[in-house]
Structures are given as structure tokens and as C-alpha cells.
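Keep in mind that this is a model prediction, so the values were computed, not measured.
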Amino acid sequence: MDAIAGSLITTFDYVWARLTGRLAGLTDEEYFWEPVAGCWSLRQGDSGRWQLDGGGGGGPAPDPVPVTTIAWRIGHLGGMAVGGFASSRFGDETLTIDALNFPPHAAGVPGFLDEHYRTWRAGLTGLSPAEWTAPLGAAWGPYAESNTVDLTLHVLDEVIHHGAETGLLRDLYAHRSSLHS
């Protein structure tokens with residue numbers, strides 16, 4: 001298990017560096033850019049807190065699934081997927097959608113992502129071989145029999161999936177003047 005765990009962590013580091021590198025130079029205008037009508041984004045609520053539209057994507061997706069902004073993807077990916085799963089698997093399970101402080105400006109994205117990735121990575125590196133393969137348990141509901149390897153692969157898929165979509169949105173934003181209407 002040590003070799004597999006090491007490979008998973010090395011892959012995570014590589015994919016994470018690619019994501020964060022791809023975000024260099026992100027502006028507020030680009031962060032909140034809505035390429036089509038009806039996008040889900042990060043918005044300031046009546047209470048003054050910043051919230052993800054659609055509850056952050058933690059439940060059943062509507063049909064059709066809305067296009068999301070970079071701000072939404074970063075909030076979902078960094079806060080809910082990486083941060084939320086780190087809190088559930090390695091922490092006290094208190095990091096919920098309501099407890100997350102989503103970055104209201106692009107300048108806050110690196111710190112937001114770093115905070116949650118450090119917690120996730122520290123949890124992974126602290127596991128014994130037996131902890132990697134033990135069932136997650138009843139608190140994980142339908143995933144009770146899954147283990148941390150399964151969870152890690154799921155979170156890695158989220159990072160790759162949303163990281164690629166974020167990269168594409170950045171490319172489209174850079175060429176928005178030549179997009180066909």
C-alpha cells in the first residue's frame with residue numbers, strides 16, 4: 001500500500017500544481033465571467049456572505065446542468081470537494097457549505113485553494129497502510145464500504161475534471177471577442 005499511497009500523493013501534487021499554475025493571472029472579471037445566460041456562480045447573499053448558486057453542487061444536478069463560472073468551480077472544487085472531504089475524512093466534519101469562506105475576489109483564490117489542499121494532503125500523508133484500505137464507515141452512508149483509496153480517486157477526479165473545465169473557461173475568456181454569437 002505504501003507504493004500506491006505514494007503514487008496517489010505524487011499524482012495529486014502534479015495535478016494540483018497544474019491547476020494552480022493555470023490560475024496565475026486570474027482577474028476578478030474573468031473569475032466571475034458568465035459565458036452564457038443562467039450561469040451558476042459565486043454571489044453575495046442578503047446576509048453579506050458569499051454563496052455558491054445551486055447549493056454548491058452537492059446534491060442532485062438539475063436538468064440541464066447549468067454552465068458554471070470559474071468562481072463557482074473553484075468554490076466547489078477547493079472548498080466542497082477537497083476541503084469538505086478533508087474535513088469529513090481527517091477532521092472534525094465541521095467544514096460545511098455554510099462554514100466555507102469563499103474568495104470574493106480572484107486574488108483570494110491561491111490562499112483558499114492552498115488552505116484546503118494542505119489539509120487534504122496532510123491527511124493523506126498521515127495515513128497508515130491499513131487506514132488507506134479500511135472501510136470509511138457508516139457516517140459515509142452509501143459509501144460506507146468504500147475506502148480512502150476510493151475517496152482519493154474520487155477527489156482526484158474532481159480536481160482533474162473541474163481543473164480542465166477551468167482551463168477551458170480561461171481559454172474561452174481570452175478569446176471571447178472572436179466567439180460566435
Side-chain angles (χ1 to χ4, degrees), residues 4-5 7-23 26 31-32 39-43 49-62 65-106 108-127 131-132 135-137 139-170:
I4 293 170
S7 292
L8 285 169
I9 293 166
T10 298
T11 301
F12 246 106
D13 288 344
Y14 172 77
V15 169
W16 196 258
R18 184 176 58 198
L19 167 67
T20 56
R22 192 71 169 88
L23 292 170
L26 184 68
Y31 185 54
F32 289 107
C39 282
W40 276 1
S41 191
L42 173 67
R43 302 182 201 283
R49 285 190 49 84
W50 288 82
Q51 304 164 334
L52 296 177
D53 291 335
V65 176
V67 172
T68 59
T69 64
I70 291 173
W72 189 95
R73 291 178 193 285
I74 295 300
H76 172 79
L77 167 63
M80 296 183 64
V82 175
F85 284 127
S87 177
S88 294
R89 176 61 184 90
F90 308 117
D92 59 8
E93 300 182 42
T94 59
L95 187 64
T96 63
I97 186 90
D98 295 324
L100 280 163
N101 291 312
F102 298 106
H105 300 285
V109 168
F112 176 78
L113 290 175
D114 184 61
E115 171 190 357
H116 295 298
Y117 185 65
R118 278 186 289 113
T119 302
W120 172 253
R121 191 180 191 288
L124 293 178
T125 60
L127 292 172
E131 289 171 315
W132 275 96
L136 293 172
W140 290 82
Y143 305 103
E145 294 304 313
S146 297
N147 59 40
T148 302
V149 173
D150 299 323
L151 176 64
T152 301
L153 291 170
H154 171 71
V155 175
L156 182 61
D157 177 62
E158 286 284 305
V159 174
I160 293 169
H161 168 86
H162 291 295
E165 292 171 330
T166 298
L168 176 61
L169 282 171
R170 293 210 70 193

Contacts of type side chain to side chain donor-acceptor pair (under 3.5 Å), residue [X], not counting sequence neighbours:
{"X": "Asp114", "result": "Arg118"}
{"X": "Asp92", "result": "Thr94"}
{"X": "His105", "result": "Asp28"}

Without swapping roles, check the side chain of [X] against the backbone of [Y] for a donor-acceptor pair under 3.5 Å.
{"X": "Arg22", "Y": "Thr166", "result": "no"}
{"X": "Thr125", "Y": "Ala122", "result": "yes"}
{"X": "Tyr31", "Y": "Val109", "result": "no"}

If you measure from [atom1] on [X] to [atom2] on [Y], what distance do you get to the nearest 0.5 Å?
{"X": "His162", "Y": "Asp157", "atom1": "NE2", "atom2": "CG", "answer": "8.5 Å"}
{"X": "Phe32", "Y": "Leu26", "atom1": "CZ", "atom2": "CG", "answer": "9.5 Å"}
{"X": "Glu158", "Y": "Met80", "atom1": "CD", "atom2": "CE", "answer": "9.5 Å"}
{"X": "Ile9", "Y": "Arg121", "atom1": "CD1", "atom2": "CZ", "answer": "6.0 Å"}
{"X": "Thr68", "Y": "Leu169", "atom1": "OG1", "atom2": "CG", "answer": "6.5 Å"}

> For the residue pair Phe85 and His154, does the interplanar ring angle fall in the parallel (under 30°), tilted (30 to 60°) or perpendicular (over 60°) class?
Replying inline: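 Correct class here is perpendicular.
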>> Under the criterion side-chain contact (heavy atoms from CB on, under 4.5 Å), I'd like the reasoning laid out for Val149 against Leu153: C-alpha separation, chi angles, the key distance, then a yes or no.
In response: CA-CA 6 Å; Val149 173; Leu153 291 170; 4.2 Å; yes
> Are the side chains of Arg43 and Gln51 in touch, meaning some heavy atoms are under 4.5 Å apart?
Replying inline: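 They are not in contact (no side-chain heavy atoms under 4.5 Å apart), so the answer is no.
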> Does a side-chain heavy-atom distance below 4.5 Å link Leu136 with Ser146?
Replying inline: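 In contact.
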What's the shortest heavy-atom distance between [X] and [Y], and which atoms?
{"X": "Pro66", "Y": "Trp40", "result": "CG-CE2, 3.4 Å"}
{"X": "Leu127", "Y": "Gly123", "result": "CG-O, 3.4 Å"}
{"X": "Thr152", "Y": "Trp132", "result": "OG1-CZ3, 3.5 Å"}
{"X": "Phe12", "Y": "Leu156", "result": "CZ-N, 3.4 Å"}
{"X": "Val159", "Y": "Val15", "result": "CG1-CG1, 3.5 Å"}

> Can you name the side-chain contact (heavy atoms from CB on, under 4.5 Å) partners of Thr69, sequence neighbours left out?
Replying inline: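 Residues passing side-chain contact (heavy atoms from CB on, under 4.5 Å) with Thr69: Glu34, Cys39, Ser41, Ala71, Trp72.
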> What residues form a side-chain contact (heavy atoms from CB on, under 4.5 Å) with Asn101, not counting sequence neighbours?
Replying inline: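 Per chain and number, Asn101 pairs via side-chain contact (heavy atoms from CB on, under 4.5 Å) with Arg49.
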> Got a sec, which residues hit salt bridge (Lys or Arg N to Asp or Glu O under 4.0 Å) with Glu165, two or more places apart in sequence or on another chain?
Replying inline: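 Result, salt bridge (Lys or Arg N to Asp or Glu O under 4.0 Å) vs Glu165: Arg73.
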>> Let's go through Leu42 and Asp53 carefully: what are the C-alpha distance in whole Å and the side-chain angles of both, what is the deciding distance for side-chain contact (heavy atoms from CB on, under 4.5 Å) to 0.1 Å, and is it a yes or a no?
In response: CA-CA 6 Å; Leu42 173 67; Asp53 291 335; over 6 Å; no
> Between Arg89 and Thr148, does any side-chain donor sit less than 3.5 Å from a side-chain acceptor?
Replying inline: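 Note: Arg89 and Thr148 side chains meet the donor-acceptor criterion.
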> Checking side-chain contact (heavy atoms from CB on, under 4.5 Å) for the pair Leu19/Leu77: CA distance, chi angles, key distance, verdict?
Replying inline: CA-CA 11 Å; Leu19 167 67; Leu77 167 63; 3.6 Å; yes
> Passes side-chain contact (heavy atoms from CB on, under 4.5 Å), His116 versus Leu100? Steps please.
Replying inline: CA-CA 10 Å; His116 295 298; Leu100 280 163; 3.8 Å; yes
>> Determine whether the aromatic ring centres of residues Trp50 and Phe102 are separated by less than 6.0 angstrom.
In response: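 Centroid distance Phe102-Trp50: not below 6.0 Å, so no.
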